[in-house]
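One structure is given below, encoded as C-alpha cells.
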Amino acid sequence: MPRTIEVPSFAAVQSGTKSYNKFRGLDYSTDESQIDDSRSPRAVNIIADEGGAPERRWGWRTVHEFSDTEAVAGIFPIENDGDETNRTFLVHAGSTLYRIKLDADYAFISGSQSALLTGLKSGGRSQGFYMNGKLYILTGAEYIVYDGTTAKKIADDDAYCPLTSYQRQPTGGGEAYESVNMLSKWRRNRFVADGEAKTFQLDVTGLDTGVIPTASYFITGESIPVQSYDAAKGTVTFATAPTAPENAGTSNVEIKFAKTTSDRQKILGCTVFAIYGMDGSSNRVFVSGNKDTAATEWFSGLSDPTYFPDINYSIVGSSDFPIMCYVKAQGELLIIKKDNRQEGTIWHHAGTMVNDVAAFPLREGVPGYGAIAPYSAANLNDDPLYLSPRGVYAPTTTYYNNMQVRQLFCRSRRVNPKLTKENGLADAVAACWRGWYVLTLPNGHAYVADGNQDRSDNGYEWYFWTNIPAFCMCPHEQTLYFGTKDGRICKFNDDFVTSQNETLMRAYNDDGAAIHAEWATKLDAMGTLRRLKTMPKRGCSVHVKAYARSRMGVYIRTEKDSGKYYRDLIADRLTFEDIDFSRFTFSTSTNNVIPILVKVKKWKLIQIILISDALNEGFGVYEIELYYEDAGEAKK
C-alpha cells in the first residue's frame with residue numbers, strides 16, 4: 001500500500017517590527033512589561049531635549065569651597081552692585097554670611113571672599129527675598145538686611161518705628177493710628193500741647209526701664225529736653241511745658257519711647273516666606289515657620305519688610321499642625337500645612353479692602369495631602385507644586401458653569417512608587433530651572449519634572465538623577481547653583497557650549513567624575529505572550545545622537561535573565577570646537593543609525609538597554625527599531 005507523504009509548508013515565517021520612538025519620561029507605576037512603549041522603566045541621569053528625546057543630563061562642578069565644616073545654607077545673587085563683568089553672591093555658610101564674586105566664566109575670583117556677619121544660626125537653611133533694592137534673609141534665628149555694601153541683623157533701631165497714636169492731650173486720649181511693630185521696641189505718640197502741662201501720659205504703661213524717652217516738636221524737629229519719666233505709669237515729664245501749637249488742636253509734640261515685648265522673636269524664628277499683595281502686587285512679605293508658633297503667619301506693612309504690625313497675623317487651622325510652605329496660584333496665595341487627616345491642609349489668601357485697610361482673609365481649600373518638606377514648594381511655569389508624603393501635588397482652581405472648583409492633582413504618579421519610599425523626604429529641596437522642577441533628596445537622588453513637555457493624565461514626564469548633593473539650591477540667569485553640606489558652591493555645566501550653542505563634552509561630568517547614563521525600553525512581549533520570538537542578527541538598529549564623543553554599551557534582557565552585555569556603539573562626529581585626536585572621525589553627521597548585529601533566539605519578552613559610563617561624552621537616543629520572527633509556541 002503506498003504511503004501518504006506530507007508536503008511541508010513553505011509559507012513565509014511570521015514576523016513583526018516594533019519601533020520605539022517619540023520618547024517620554026520614566027514610569028515606575030507598574031511592571032516594566034506593562035508601561036507605554038514611549039516610556040522607560042529604568043532611565044538614569046537622563047533629561048529630554050527640546051523635542052522630548054532622551055539625552056544625558058549636564059554635569060556640575062564646584063565653583064567655590066568654604067570650610068568642610070560649614071554647610072551652605074543659602075545662596076543669594078546680588079543684582080546691580082556696580083560690577084558689570086562679574087557676579088556677586090551672598091552665601092550663608094555655617095555660622096557666617098559671606099560675599100563672594102565669580103567671573104564671567106563662573107570661576108571664583110581670588111581674594112573676593114569677605115565675611116559680612118558671623119555668629120549666625122548654622123545647620124539649617126536660609127531663605128531670602130529682595131525688596132526696595134535690598135536683600136532680606138531669614139535664618140530661623142536672625143533677620144538680616146543687605147543694602148549692597150553692608151549686612152546687619154535688623155535691630156530695634158533698624159525697624160520702622162510706628163506712630164501708635166496722635167492728637168493726644170497731655171492727660172491722654174487721642175486717636176489710635178499705626179499698630180505696634182513686632183520687630184521694634186520703639187513707638188511714637190503725638191500730642192497737642194497746651195503750653196501749661198509738663199507731664200504727658202503715653203498710650204501704654206510699663207515702659208522699658210533705663211531707656212529714656214526722647215521728645216521733639218513735630219513740625220520743626222527741635223528737641224525738647226526730658227526731665228524725668230515714670231516707666232511703670234507711662235508718663236514723661238518736661239522741665240518746661242512745651243508750647244501750644246500755632247494752629248489750635250494740631251499735634252505738635254512727638255515722644256519716642258521703648259516698650260519691649262516677646263513678639264520680636266516670633267518674626268526672627270520664621271523660616272519660610274512669600275511675597276504677595278493686593279491685586280497681585282508684590283508689596284508685602286508673609287512669613288511663617290516659627291516652630292514655637294507653628295500654625296501662625298504674619299505679614300508686613302506696605303512695601304516695608306521691617307514693619308510687622310502686631311495685628312497682621314493669621315492662625316491657620318489647628319495649632320497642632322504647622323504651616324510648611326507657600327505657593328501662588330491664579331492671583332491667590334496658598335498656604336500648605338503639614339499633612340494630616342484632621343483638617344484641610346490647603347488654605348487660600350486673597351486681598352480685599354476692609355474699611356480702607358488691606359486685609360487678607362483666610363479660606364479653607366480642598367482637603368488632601370499636605371506638605372512634608374518646607375523647601376519643596378516651587379511654581380513650575382504656572383503650576384504650584386509641593387512634596388507630600390504621597391508624591392508631588394498641585395492645588396488648582398478651575399471654573400465649571402460659572403462655579404469655582406478647587407482640586408488637588410498628583411503630578412508624580414508614575415514615579416511615586418520609588419519617590420515615596422525614599423528616606424529623608426522632609427529634607428527635600430526644590431527649584432525650577434529651564435522649565436524643570438528639580439526635587440533633590442539628602443541621598444543625592446533628584447526627581448525632575450519636565451514642564452517643557454505636555455502633561456499626560458494630569459502628570460508630568462519625570463526623570464531620575466543621581467549624585468546631586470544639594471543642600472540648598474538657587475536658580476539664576478538660566479543656570480542652577482546648589483550648596484552642599486560639606487561647604488561647596490556648585491553649578492551645573494550648562495554654560496559649556498560652542499558658538500553654535502552645542503554642548504561641549506567637558507559638560508558631561510560631575511566635578512570630574514563620569515555620569516552613569518541609562519535608557520531602556522519596556523520589557524516587551526510584542527503583543528503575544530504565548531509565542532516565542534527570535535531577533536535575527538540584523539534585526540535591531542538604534543538611531544542615536546552623534547556627539548564629538550559618544551560611546552554606549554548595548555545590553556539585551558529577556559525573561560530568562562537580567563540583561564547581557566553584547567557590544568558598544570560609537571556615535572562620534574567631527575566638530576572643530578571640541579576635537580579629540582585619539583577618537584578622530586571624518587563623520588559630520590548629527591545622526592547615526594547603527595545596527596546592533598546581535599541574534600537573540602526564542603524569547604517571550606525582550607528589552608533593549610543602552611548604558612554609558614564614559615567620562616566627558618554625550619549620550620542620546622532618537623529611536624530603537626526591533627525586527628523579530630515567530631519561533632513557535634512556547635512550551636513552558
Side-chain angles (χ1 to χ4, degrees), residues 28-30 125 140 269-274 286-298 313-330 332-350 360-380 383-398 400 403-430 437 439 441-442 445 447 449 455 457-460 462:
Y28 297 139
S29 64
T30 185
R125 295 180 177 89
C270 289
T271 56
V272 295
F273 77 92
F286 287 70
V287 297
S288 188
N290 188 318
K291 62 182 180 180
D292 295 325
T293 51
T296 305
E297 62 164 2
W298 297 268
Y313 72 95
S314 299
I315 299 175
V316 184
S318 169
S319 61
D320 295 310
F321 303 105
I323 295 170
M324 298 297 285
C325 53
Y326 292 97
V327 292
K328 295 180 184 178
Q330 298 182 341
E332 293 186 324
L333 180 62
L334 276 57
I335 306 165
I336 316 298
K337 295 197 67 177
K338 185 175 182 179
D339 185 61
N340 69 87
R341 292 294 169 268
Q342 178 174 308
E343 62 179 0
T345 51
I346 300 173
W347 298 71
H348 298 251
H349 275 311
F360 300 89
L362 273 175
R363 294 196 304 274
E364 187 172 4
V366 296
Y369 290 108
I372 191 173
Y375 304 109
S376 66
N379 278 71
L380 179 57
D383 201 25
L385 304 178
Y386 67 89
L387 178 64
S388 81
R390 291 299 306 158
V392 176
Y393 275 77
T396 63
T397 302
T398 57
Y400 179 74
M403 294 180 60
Q404 191 179 63
V405 180
R406 301 190 189 278
Q407 296 173 292
L408 188 62
F409 288 112
C410 180
R411 300 299 197 205
S412 58
R413 178 179 60 82
R414 282 183 287 271
V415 294
N416 277 353
K418 184 178 178 70
L419 170 61
T420 58
K421 293 181 177 65
E422 292 272 14
N423 293 322
L425 288 180
D427 288 322
V429 295
Y437 171 81
L439 179 73
L441 301 174
H445 292 173
Y447 293 80
R455 290 202 296 260
D457 300 327
N458 291 316
Y460 290 101
W462 285 82

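What's counted below: heavy atoms across the whole structure, side chains too, no hydrogens, waters or symmetry copies.
The side-chain contact (heavy atoms from CB on, under 4.5 Å) search around P384 returns V327, A329, N379, P395, not counting sequence neighbours. Looking at residues two or more places apart in sequence or on another chain, you find a salt bridge (charged side-chain N to carboxylate O under 4.0 Å, His left out) between R363 and E332. In this structure, Y393 has no side-chain hydrogen bond (donor to acceptor under 3.5 Å, both in side chains) partners at least two apart in sequence or on a different chain. Listed by chain and residue number, nothing satisfies the side-chain contact (heavy atoms from CB on, under 4.5 Å) test with P367 (two or more places apart in sequence, or in another chain). Legend: residues meeting salt bridge (charged side-chain N to carboxylate O under 4.0 Å, His left out) with D339, ordered by chain and number and at least two apart, are R341. Taking R125 as the reference, nothing meets the salt bridge (charged side-chain N to carboxylate O under 4.0 Å, His left out) condition, with sequence neighbours excluded. In this structure E343 satisfies the salt bridge (charged side-chain N to carboxylate O under 4.0 Å, His left out) test together with K337, sequence neighbours excluded. In this structure, the side-chain hydrogen bond (donor to acceptor under 3.5 Å, both in side chains) partners of N416, at least two apart in sequence or on a different chain, are S412. With sequence neighbours excluded, the residues that form a side-chain contact (heavy atoms from CB on, under 4.5 Å) with D292 are N290. Residues that satisfy the side-chain hydrogen bond (donor to acceptor under 3.5 Å, both in side chains) test with R411, not counting sequence neighbours, are D383. With sequence neighbours left out, the side-chain hydrogen bond (donor to acceptor under 3.5 Å, both in side chains) criterion links Y326 to E297.
Taking both residues in full, the closest heavy atoms of A350 and P361 are given as O-CD, 3.5 Å, listed atom of the first, atom of the second, then distance. In terms of heavy-atom proximity, V287 sits nearest to C270 at CG2-SG, 3.7 Å. When all heavy atoms are compared, the tightest approach of A430 to S376 is CB-O, 3.5 Å. Heavy-atom minimum distance, A426 versus P374: O-CD, 3.8 Å.
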Practice task
For side-chain contact (heavy atoms from CB on, under 4.5 Å), just list the numbers for I336 and T345, CA-CA rounded to whole Å, side-chain angles, deciding distance to a tenth of an Å, and then say yes or no.
Solution key: CA-CA 6 Å; I336 316 298; T345 51; 5.6 Å; no
Practice task
Please report the C-alpha distance between R413 and S29 in whole Å, then the side-chain angles of each, then the deciding distance to 0.1 Å, and finally whether the side-chain contact (heavy atoms from CB on, under 4.5 Å) criterion is met.
Solution key: CA-CA 7 Å; R413 178 179 60 82; S29 64; 4.2 Å; yes
Exercise for the section: Apply side-chain contact (heavy atoms from CB on, under 4.5 Å) to the pair Y375 and D427, showing each step before the final yes or no. Expected result: CA-CA 8 Å; Y375 304 109; D427 288 322; over 6 Å; no
Exercise for the section: Please report the C-alpha distance between F360 and L333 in whole Å, then the side-chain angles of each, then the deciding distance to 0.1 Å, and finally whether the side-chain contact (heavy atoms from CB on, under 4.5 Å) criterion is met. Expected result: CA-CA 9 Å; F360 300 89; L333 180 62; over 6 Å; no
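To the nearest 0.5 Å, the span separating OH on Y369 from OH on Y386 amounts to 10.5 Å. Note that the SG atom of C325 and the CG atom of L334 stand 10.0 Å from one another [nearest 0.5 Å]. We find the CG-CG distance between L439 and L385 to be 9.5 Å, quoted to the nearest 0.5 Å. The structure places CG of L408 at 8.0 Å from OG of S388, a figure rounded to the nearest 0.5 Å. Annotation: the span from H445 atom NE2 to K418 atom NZ amounts to 6.0 Å, rounded to 0.5 Å.
Note: F286 and H349 have tilted aromatic rings, judged against thresholds of 30 and 60 degrees for the angle between ring planes.
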For residues 314-324, please give each side-chain donor-acceptor pair under 3.5 Å, one per line with the distance, not counting sequence neighbours.
residue, atom, partner, partner atom, Å
S318, OG, D320, N, 3.1
S318, OG, D320, OD2, 3.3

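Side-chain contact between V392 and V415 is absent, with no heavy atoms from C-beta onward closer than 4.5 Å.
For the pair T420 (side chain) and P389 (backbone), a donor-acceptor distance under 3.5 Å is absent.
Around atom CZ of F409, more than 12 heavy atoms belonging to other residues, nucleotides or ligands sit under 6.0 Å away.
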